[in-house]
Amino acid sequence: MVLLSAGCRSRAILLFSLLVIIALFNGSAVEARIRRYKWEVKYEYKSPDCFKKLAITINGQTPGPTIRAQQNDTIIVELTNSLLTENVAIHWHGIRQIGTPWFDGTEGVTQCPILPGTTFKYEFVVDRPGTYLYHAHYGMQREAGLYGSIIVGLPEGQSEPFSYDYDRNIILNDWYHKSTYEQATGLSAIPFQWVGEPQSLLIHGRGKFNCSALTTPSLDPGVCNATNPECSPFRLIVVPGKTYRLRVSSLTALSALSFQIEGHNMTVVEADGHYVEPFVVQNLFIYSGETYSVLVKADQDPTRNYWITSNVVSRERKTPAGLANFVYYPNHPSRSPPTTPPIPPAWNNTAPRIAQSKAIKALQGFIHTPPQLSDRVIVLLNTQNEINGRRHWN
Ligand SMILES: [Cu+2]
């Protein structure tokens, strides 16, 4: 037993308290943080592909701001609905919401909608590293531009099982000139009225519609203006010799896409928030709701720029390619590549798409083996029926 005098005891208590404080402080330096966002969601006129229409923005942007966090951080989004006449809810796509199912954002299922003029606070933990998305889960607001990225890095001091110099992010989308209300009216009409192919493919919220192709030209030159800076192409600026981790995700309404960077291979290292055994592709096939990370090395002729393209696959191509620029620093960013954009495999060529699906395997060391035996079996029956002139899927 150790005997301490009163003065010594108080010093010991002080020392102990200090140690506890230091331990807590050190712990909090490497452990989870709280990341707060204040979002205002509203309708604004935007010209993402040079054609002016109402879009839904977050703090004036579509795609919305990127949420960047580290594993186990808490995300707090205070969302104010300024849509005036519409409810809203946001789904955090790929976030497991362990312990917080009420913040999953599926309106009518896990929460009441956020009413116009009100503010709702989402609060959840991002418990896995990787590339995720968020998007509206009310009506067809996602198709009106209410979506964005969630990027979750590893905690300080840990490193990914692959190396790169810079981390960049691109969201792909398709874009219709009809309002989501016109689209929904046709889709639910008897007989069903097909909405048709999208007018444009957007690369990180930017596309280029050929204004002279408007079927009903407008007298108002502002309706479609090819020189509007809002539709200048997205530019990914790269430093020669460096390797980029490019996070590519898609939130299309309809289109399956092929994504390509002219003259550059892409090494797939992550799919939907899981590390995968690396494999190399020229075209990355991506379906709505998917996310990938690819490694791209800027190892081509640095005196010129290159095309980044997105193209429809699975359906006959009626929408022009989405185009962006892969710019080698210090070339001028607005300098167009001297070539024509590369052509992806034919829309109905399924072989490379199947090959990509087959190549996706969990990375050794990161395999979550399912249990050998199931404790419960749930059989789901999917049906398609005509009921009162409408097609129903259940
Ligand atoms: Cu989703």
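No hydrogens, no waters, no symmetry mates; every other heavy atom, side chains included, goes into these values. When a ligand or atom number is given, it counts from 1 through the structure's own listing order. It should be emphasised that the depicted structure is a prediction, and the values quoted were computed from it without experimental measurement.
- The SG atoms of C50 and C231 lie less than 2.5 Å from each other.
- Aromatic ring pairs are classed by plane angle as parallel below 30°, tilted from 30° to 60° and perpendicular above 60°; the pair W92 and Y122 is perpendicular.
- By the 4.0 Å N-to-carboxylate-O rule, E230 lies too far from R206 to be salt-bridged with it.
- Note on the Cu ion (ligand 1): protein N, O or S atoms under 2.8 Å away count 2, no waters included.
- Pairs engaging residues 289-323 under the ring pair (Phe, Tyr, Trp, His ring centres under 6.0 Å) rule: H264-Y306, Y306-Y328 [sequence neighbours left out].
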Residues 366-389 side chain polar contacts: donor-acceptor under 3.5 Å, at least two apart:
residue, atom, partner, partner atom, Å
Q384, OE1, W393, NE1, 2.7
E386, OE2, R391, NE, 3.1
E386, OE2, R391, NH2, 3.4

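- Taking I343 as the reference, nothing meets the side chain to side chain contact (heavy atoms under 4.5 Å, CB included) condition, with sequence neighbours excluded.
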